[in-house]
Every structure is written in structure tokens, then in C-alpha cells.
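In listed order, ligands and their atoms are each counted from 1.
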Amino acid sequence: MRFLPVFLDVQRGVVLLAGAGDLARAKLRVLASAGAQVRWYTTDGNHDLGGLGADEAARVELAAGDPLTAELSGVVAIVCAGAGDTGAALSSRAQALGLPVNVMDDLEHSTFIFPAIVDRGDVVVAVGTGGTSPVVARRVRERIEALLPARLGELASFVGRWRKAIHDVIPEFGLRRRFWERVVDGPIGALVLSGRADEAESALKNISDASAFTGRLASGDAAGSVTLVGAGPGDPDLLTVKALRALQDADVIFYDELVNPEILDRARRDAGRIPVGRRVGKPGIGQDAINQLLIEAARAGKRAVRLKGGDSFIFGRGGEEVEALRQANVAYSVIPGITAGLGAAAQFEVPLTFRHEALRVTFLTAHKASDAEMVDWSTLTDVAMTIVVYMGMTAAPSVRAGLLAAGRSPQTPVGVFARATRSDAAAAIGTLDELPGLIEKVVGGPAILIIGDVVAHSAPARRQQLTQLASFFQVAAE
Ligand code: SAH
């Protein structure tokens, strides 16, 4: 993040605008819509105020002369758009006085930049790209525009009007926040959003007048819960909509080391974050201790999220946690995630099932050589079965030995997919015979092994075939 988003109150003084043409007029419009008093130095003498409302136009002061010698007392910001060489000089003047300045398309001379804006009255979303790409910012804005209800600003003002009154009725912060969440997410919020603010007002008045109301909130409504959330294999965009919502609602998040930090960034800012997983070379706090933490958090009235890589129910010990929560009589729910095997399959285009070629899929784990020895490999010899191995890097030689001894062909295609869906993902493709060597090629985990004929359809395998073909023809040509 290069620029910190803050919101500037432009009604506190005058904004000096220098420039002409469509560029200057675009800035004039956005400043005017924020209620700014604008002093406009046009560089071509044309002070066309077309497109502004009467109120807005009345707040524009048409200035003559050189903006470089303009009087700056009472000025809160300086904007330079379409004003040629004036920008750099105006910027030095502004910076000498500590005034925020924007020179259009000139990051070097700007101390602030204009974001793309979604304007819903009191609710404003600003989208920035650090000045790198206004086009990308506009695309993001379009998506947010589509997402936000038109009357969202009215909802914010509605809450704003009632805040003080509700603060007096519910002094405790946590309860009050939960109350407002219910108002906003529930029928009262829906009334405001559908344009029936009057009905919403009386509904809220009824509730806050009821004497039983605070008692009820303080007892039953304060019960906490635990949500097991699958964080997916790494790419934050692979979170489900439900997972994202749970992260945004959480009071506290207990997460594993495997969870990509970018995913935690999407959680509510003030949620507590507690790492409970194993780190490489260091033991974790243990499953019993984790269960205990989850139970205690819920009993303290918190909405706890247990966040794990992939899916909680695939080698994630989610089953044990659910059992402990059930025994402790704690409310819980489970939100699935995209497991690493599916993430890798999608990214590298390995169809886990394929017409007559692959009719079954087995997910198995072989963490240590001793685990691999416990696997009954004779059940895994069906050539129409794809095998997905979790935690199989160290035990790769034993996986190879077990499958070969059981009779699977040494030529069976194998893929090692490391850090799937992350920015540093890597793949190595070869045969079962070559398996331990493939592990070296991806340089570090976490990695998943996929074993079976379908690996030959994967994107890296197709590339490899192309390269082999090319070198064959090259040899032939020589
Ligand atoms: N619950 C998780 C699995 C946890 S076990 C899930 O559903 O994905 C940890 C193992 O998952 C790792 O040893 C590795 O085999 C695999 N894994 C997790 N994230 C991965 C990723 N981004 N790429 C490849 N393998 C991954």
C-alpha cells in the first residue's frame, strides 16, 4: 500500500483548482459533489460550469490571474488538472505550506490521489491502485457498484440518527455491536433498503422502548459459537462467500500455519488472531488445547472461527473438533473449503476423473514412512483410480515402493504440485518410478502428489510432451 486511504473534509475551506478542459471539469464535478468551495483558475479563460447543479455552481469561485501567486490562506487542498507545466511549481508551493496537492497523472508531484468512487451518500467506497492503473480501479468500482444496494447511504444515516439513543440503552460495546448487526442484517434494515424508512423508524422505536429488551440481549443473545471454516489451498479468491462472511463476522480467529496471510487480511480488522498450528520444526499446542480454546471462546460469548487450509474435513482434524464442541454443548457450524487436491487439479488441469480412464479418486495421507507402511497398497492398484496423496513429500520413496510392490506400473504418470493456487506454485511431472526425484524439483512444500493416468492430461504434462516432440524433430532434422 503506497497511499493511505483517508477521507478529506473539503467543506472546511477552499479547494484551489488549476486547469482547463474536460480534465479540469471532471475534477470540478467530483469536488462540487462533495460540497467543496472551489476557486478555479482556468488556464484557457473558459469557465464553463455546464453539468453542475445550481447549488454546486454557486460554490465555484471563478478566479483570474496566475495560480502560482494565488493567495492560499483558507485553502485546504490544491488540484491541478490539464494545466500544462503549472503542476510541478504549484506542487512545490503546496508542499512548502503542508497543503495536500494532486497533480493529475503525475505521482511525483502529488501528495494525494483521487480514487475511483462509489457514492451512496454517507457510504462512500474509494478504490485506489496507488496511481498505477485507473482502468483497474474503475473495473473494481463497477463490481462494487453492482454489489451495494442503492439505499445503503440511507441505511447508514438511519443508524447514525439512532446511535446515541441506542448507546444509552445498551452501554456494553459487544452487545451493542451485535444489536446493530441484527438491525442492519434483519427486517429493519430491509425496510430502509426498500425505501420504507418510516416503518423502520417505528419498528426500532418499539424495540428500544421495550423494557425486556436489554435483559434479553444480555442473556441468550450473548451465546457464542464456533465456525469451522475451510480457507482453501491459498488463493484468497477461492474462499467461499460463506467463509468470507464468517471471517468478517468473527470476534476471534484460531488459524493454522498453512493459512495464507492474505486470507487473514480479509477478516474483520479488529478480530483477534491466534495461531494454533504447527510451525516447521516447532510443535503446535496440540489438539486438546485447541479444542479447549475453541470451547472457552464460545463460552465467553465470542463468535470464534477455526480457520484451516483447504477443507476442515480432509486431513484437517475437523471431525475431532466437532466432536469436542458437541460434547461441550457449544453451538457450531462447518463451512467447507476447497481442498488442496482440488485446488491443484484445477490449477494444473488434472481431471481427477476422466471418462473410462479414471473412475475413482482416493485421498490418502502418508506423512511419515511409517504411515506409508500402514497403507494397504493392494487396494490401490486399480489403474482406473486416481490417487491424491497429502503430506506425502517425506514419505515419497515409501509411496513409490508400496505401489510398485503392489503391482502398479512404474510408468504410471505422477505429478507433484507445490504451493498450488499461490503465486509461487510449481509442478513437476514424471512417472511413479521417478517420484522421489520429482519432489526435489518443486523446491519446498506444501505439495500434493497426484498419481494416475489422468496426470498425462495436465497442463505441465502437455507442455512437456510438446517440448519432447520439438526436440525429437530437431534431432531428426540434424
Ligand atoms: N485440510 C487440508 C489438508 C491439510 S494436510 C486440505 O484440505 O487441503 C496438509 C497437506 O495438504 C500438505 O502437506 C500438502 O500435502 C497439502 N497442501 C495444503 N496446501 C497445499 C497447497 N497450496 N498446494 C499443495 N499441497 C497443499
Side-chain angles (χ1 to χ4, degrees), residues 227-240 242-243 253-264 275-284 287 290 305-322 334-350 352 361-372 375 386-400 414-429 435-436 438-451 455 458-460:
T227 310
L228 272 64
V229 175
D235 178 353
D237 283 351
L238 289 177
L239 281 170
T240 63
K242 269 197 168 183
I253 300 168
F254 299 94
Y255 65 96
D256 277 355
E257 293 309 315
L258 216 52
V259 172
N260 188 348
E262 283 177 57
I263 288 177
L264 282 173
V276 291
R278 277 192 301 260
R279 263 172 247 219
V280 182
K282 286 190 194 154
Q287 193 59 48
I290 295 176
V305 160
R306 173 73 176 109
L307 185 67
K308 309 165 186 252
D311 182 83
S312 310
F313 284 172
I314 295 204
F315 308 122
R317 306 193 74 167
E320 292 161 65
E321 285 166 9
V322 161
V334 183
I335 298 175
I338 292 179
T339 188
L342 294 186
Q347 177 172 23
F348 295 102
E349 299 173 27
V350 190
L352 296 179
V361 186
T362 294
F363 288 0
L364 67 88
T365 175
H367 189 28
K368 297 187 293 263
S370 56
D371 293 343
V375 175
T386 306
I387 304 172
V388 183
V389 186
Y390 286 72
M391 296 179 262
M393 293 184 93
T394 330
S398 313
V399 171
R400 172 182 175 274
V414 171
V416 178
F417 303 102
R419 306 171 296 276
T421 80
R422 302 187 181 195
S423 53
D424 57 348
I429 303 289
L435 174 55
L438 297 177
I439 302 279
E440 312 285 310
K441 289 194 182 166
V442 295
V443 200
I448 204 117
L449 321 180
I450 304 185
I451 303 170
V455 173
S458 68

Q. Do Arg419 side-chain atoms and Gly444 backbone N/O form a donor-acceptor pair below 3.5 Å?
A. yes
Q) Taking any residue with a non-hydrogen atom under 4.0 angstrom from an atom of ligand 1, which ones do you get? A) Pro233, Leu258, Gly309, Gly310, Asp311, Ile314, Phe315, Thr339, Ala340, Tyr390, Met391, Phe417, Arg419, Ala420, Pro446, Ala447, Ile448
Q.
Does anything in residues 388-397 form a salt bridge (charged side-chain N to carboxylate O under 4.0 Å, His left out)? List the pairs, not counting sequence neighbours.
A. none
Q | Spacing of Asp311 atom CG and Ile338 atom CD1 [to the nearest 0.5 Å] | A | 10.0 Å
Q | Where Phe315 and Phe363 come nearest, the two heavy atoms and their spacing | A | CZ-O, 3.7 Å
Q) Roughly how far apart are Arg422 CZ and Asn260 CG, rounded to 0.5 Å? A) 5.0 Å
Q: Would you confirm whether Thr365, through its side chain, and Met391, through its main-chain N or O, come within 3.5 Å as a donor-acceptor pair?
A: no
